[in-house]
2 protein chains.
Amino acid sequence: MYEHNTKIKKLIKDKNIKLTTARVAILEILEKAKKPLSYEDIKVDISMDKATFYRNIAKFEKEDMINSFESNDKKRYFELKKEPHAHFICMECNSIQCIKNIDITLPNYEIYNVTINGKCPDCQI
Amino acid sequence: MYEHNTKIKKLIKDKNIKLTTARVAILEILEKAKKPLSYEDIKVDISMDKATFYRNIAKFEKEDMINSFESNDKKRYFELKKEPHAHFICMECNSIQCIKNIDITLPNYEIYNVTINGKCPDCQI
DNA sequence: CTATTAAATGCGACTAAGTTGCAATTGAAT
DNA sequence: ATTCAATTGCAACTTAGTCGCATTTAATAG
């Protein structure tokens with residue numbers, strides 16, 4: 001059905017959730033990608049029902065394993081949670097870029113996610 | 001049909017778009033609100049077809065009169081464009097707050113919009 | 001190793017924000 | 001007042017994401 005990978009398996013086992021092929025597959029793709037992916041994106045690589053995908057994503061978010069945000073194209077994008085960073089979304093070409101050299105703090109607020117919308121260097125006239 | 005207001009009328013006339021009652025009504029409500037509103041929000045005050053609302057919003061955005069962003073509840077929120085500022089969206093209570101004392105610049109990027117997701121002070125345990 | 005059972009999967013039907021086509025209406029300009 | 005393009009409102013549509021339910025799978029106990 002899907003490929004396997006011991007590192008990813010450990011990641012799942014460490015949380016107390018069931019180790020399933022679908023979960024391994026999702027996390028493996030997210031790790032390989034090294035950029036946020038949507039359901040449409042993962043579907044290119046593996047055929048998985050969207051209900052399964054989104055239900056697992058919900059579980060991963062609850063277990064604090066992934067981040068997500070909505071892009072310009074109305075789709076949610078997901079990535080493995082590593083060092084916190086912001087995302088830039090270009091409103092011209094819809095590309096998504098991870099922005100690491102920015103950090104935002106607001107006293108008394110807990111910040112999960114920062115999204116910056118605008119025009120990327122490539123899309124300036 | 002809707003209320004009128006000379007200040008808003010001027011705002012429309014200054015762009016080269018038609019002055020219609022729907023447009024006056026939308027801008028007037030956005031101005032009164034002083035916070036971003038969704039279609040659902042404006043519909044509480046005036047009965048306007050959603051196609052009319054969204055088509056006018058699209059025109060306002062094209063004319064650079066308003067800002068918009070998507071909140072946690074999957075709805076788009078709109079506000080009159082004034083001083084640039086970020087928005088904080090609480091993922092617990094879905095409230096939206098304007099954050100003025102933050103400014104983000106990225107060399108070679110044009111930034112339209114910054115959204116911060118997290119937990120607001122009221123929602124910390 | 002097999003039986004048990006709670007959790008996970010996949011399918012199809014559904015939801016809801018936003019979009020589109022089109023006929024009727026309105027507002028700016030002559 | 002007349003004209004004509006732009007705008008409005010309705011209904012039908014689109015589409016990402018959700019939900020119910022019957023079937024399958026993974027973890028555990030025996």
Side-chain angles (χ1 to χ4, degrees), chain A residues 1-2 4-6 8-29 36-44 46-63 65-66 68-78 89 91 94 96, chain B residues 1-2 4 6 8-27 29 36-44 46-63 65-66 68-78 89 91 94 96:
Chain A
M1 191 184 183
Y2 314 112
H4 283 247
N5 175 319
T6 47
I8 294 295
K9 282 186 183 171
K10 188 175 180 317
L11 225 157
I12 298 172
K13 282 278 186 185
D14 287 351
K15 309 284 168 182
N16 35 9
I17 59 173
K18 252 189 184 177
L19 178 76
T20 68
T21 47
R23 286 180 184 162
V24 173
I26 294 170
L27 293 179
E28 208 169 305
I29 287 179
L37 299 179
S38 68
Y39 169 62
E40 289 297 307
D41 292 333
I42 72 103
K43 216 164 58 105
V44 172
I46 51 174
S47 77
M48 180 185 293
D49 187 72
K50 57 183 174 169
T52 302
F53 176 80
Y54 286 116
R55 276 189 286 231
N56 280 320
I57 284 293
K59 190 136 249 175
F60 292 153
E61 290 203 296
K62 207 172 147 201
E63 295 291 337
M65 297 162 77
I66 61 171
S68 78
F69 60 92
E70 183 131 351
S71 182
N72 230 21
D73 57 8
K74 302 259 150 209
K75 294 179 198 155
R76 289 191 77 75
Y77 284 76
F78 310 95
I89 300 170
M91 294 167 95
N94 276 355
I96 297 170
Chain B
M1 191 184 183
Y2 314 113
H4 284 247
T6 47
I8 295 296
K9 282 186 184 171
K10 186 174 181 321
L11 226 157
I12 298 172
K13 283 278 185 183
D14 287 351
K15 309 284 168 182
N16 35 9
I17 59 174
K18 249 190 186 174
L19 176 76
T20 69
T21 47
R23 286 179 184 161
V24 173
I26 294 170
L27 294 179
I29 286 179
L37 298 180
S38 68
Y39 169 62
E40 290 296 307
D41 292 332
I42 73 102
K43 215 164 60 103
V44 173
I46 50 174
S47 76
M48 180 184 294
D49 187 72
K50 57 183 175 171
T52 303
F53 176 79
Y54 287 116
R55 276 188 287 229
N56 280 320
I57 285 292
K59 191 137 250 175
F60 292 153
E61 290 202 296
K62 207 171 149 203
E63 295 291 337
M65 297 163 76
I66 62 172
S68 77
F69 59 93
E70 183 130 350
S71 183
N72 231 21
D73 57 8
K74 302 258 151 209
K75 295 179 198 156
R76 288 191 77 74
Y77 284 76
F78 310 95
I89 299 171
M91 293 168 96
N94 277 354
I96 298 170

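Chain naming here is simple, since letters A, B, ... match the order of the sequence lines and numbering starts at 1 in each. Just so you know, these numbers come straight off a predicted model, no measurement behind them.
For D:dT7, the OP1/OP2 oxygens have a side-chain nitrogen or oxygen of B:Arg23 closer than 4.0 Å. A sub-4.0 Å separation between OP1 or OP2 of D:dT7 and a side-chain N or O of B:Thr52 is absent. For B:Lys59 and D:dT7, the shortest distance from a side-chain N or O to OP1 or OP2 is below 4.0 Å. For C:dT19, neither phosphate oxygen OP1 nor OP2 lies less than 4.0 angstrom from any side-chain nitrogen or oxygen of B:Arg55. Between B:Tyr54 and C:dG18, a side-chain N or O to OP1/OP2 separation shorter than 4.0 Å is present. Note on A:Asn16: every side-chain N or O is 4.0 Å or more away from OP1 and OP2 of D:dA27.
Spacing between atom CG of A:Asn56 and atom C1' of D:dT18 amounts to 14 Å, rounded to whole angstrom units. Remark: P of D:dA16 and CG of A:Leu37 are 16 Å apart, rounded to the nearest angstrom. Computed from coordinates, the B:Met48 CE to C:dG18 P distance equals 15 Å when rounded to whole Å. Rounded to whole Å, atom C1' of D:dT18 lies 16 Å from atom CG of B:Asp73. Look at CD1 on B:Ile26: it is 13 Å from C1' on D:dG9, rounded to the nearest Å. Counting to the nearest Å, the C1' atom of C:dG21 and the CG atom of B:Asp49 are 13 Å from each other. Separating the CD1 atom of A:Ile57 from the P atom of D:dA16 is a distance of 16 Å, rounded to the nearest angstrom. Atom CZ of A:Phe53 and atom C1' of D:dC19 are 18 Å apart (whole Å).
Residue A:Lys50 is the one, among B:Ser38 and A:Lys50, whose nearest nucleotide of DNA chain C lies closer to the 5' end (criterion: closest heavy atom).
Taking both residues in full, the closest heavy atoms of A:Lys9 and A:Val24 are given as CG-CG2, 4.2 Å, listed atom of the first, atom of the second, then distance. Residues B:Tyr77 and B:Pro36 approach most closely at CD2-O, 3.5 Å, considering heavy atoms. Taking each heavy atom of A:Asn72 and A:Met91 in turn, the nearest pair found is ND2-CA, 3.2 Å.
Atom CG of B:Leu27 and atom CD1 of B:Ile12 lie 5.0 Å apart (nearest 0.5 Å).
Note on ring orientation: taking the six-membered ring where Trp is involved, the planes of B:Tyr39 and B:Phe53 are tilted (angle from 30° to 60°).
Over its length, the helix from C:dC1-D:dG30 to C:dT30-D:dA1 turns its helix axis by 30°, as judged from the five terminal pairs at each end, rounded to 10°.
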Taking it one step at a time, do B:Glu70 and A:Lys74 satisfy side-chain contact (heavy atoms from CB on, under 4.5 Å)? CA-CA 9 Å; B:Glu70 183 130 350; A:Lys74 302 259 150 209; 2.9 Å; yes

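When atom types are taken as modelled, the side chain of B:Arg23 and the backbone of B:Asn56 share no donor-acceptor pair closer than 3.5 angstrom. No side-chain donor-acceptor contact under 3.5 Å links A:Lys75 to the backbone of A:Ser38.
Of the candidate nucleotides D:dA11, D:dG17, C:dG10, C:dG10 has the atom lying nearest to any side-chain atom of A:Ala51.
B:Ile57 is not listed as a side-chain neighbour of B:Ser68, based on a closest heavy-atom distance of 4.5 Å or more.
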Any chance you could list the contact pattern along nucleotides 24-30 of chain C? Use B for base contacts, S for sugar-phosphate-only contacts and - for none, protein heavy atoms under 4.0 Å, 5' to 3'. --BBS--

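Remark: B:Phe69 pairs with B:His87 by the ring pair (Phe, Tyr, Trp, His ring centres under 6.0 Å) rule, at least two apart or across chains.
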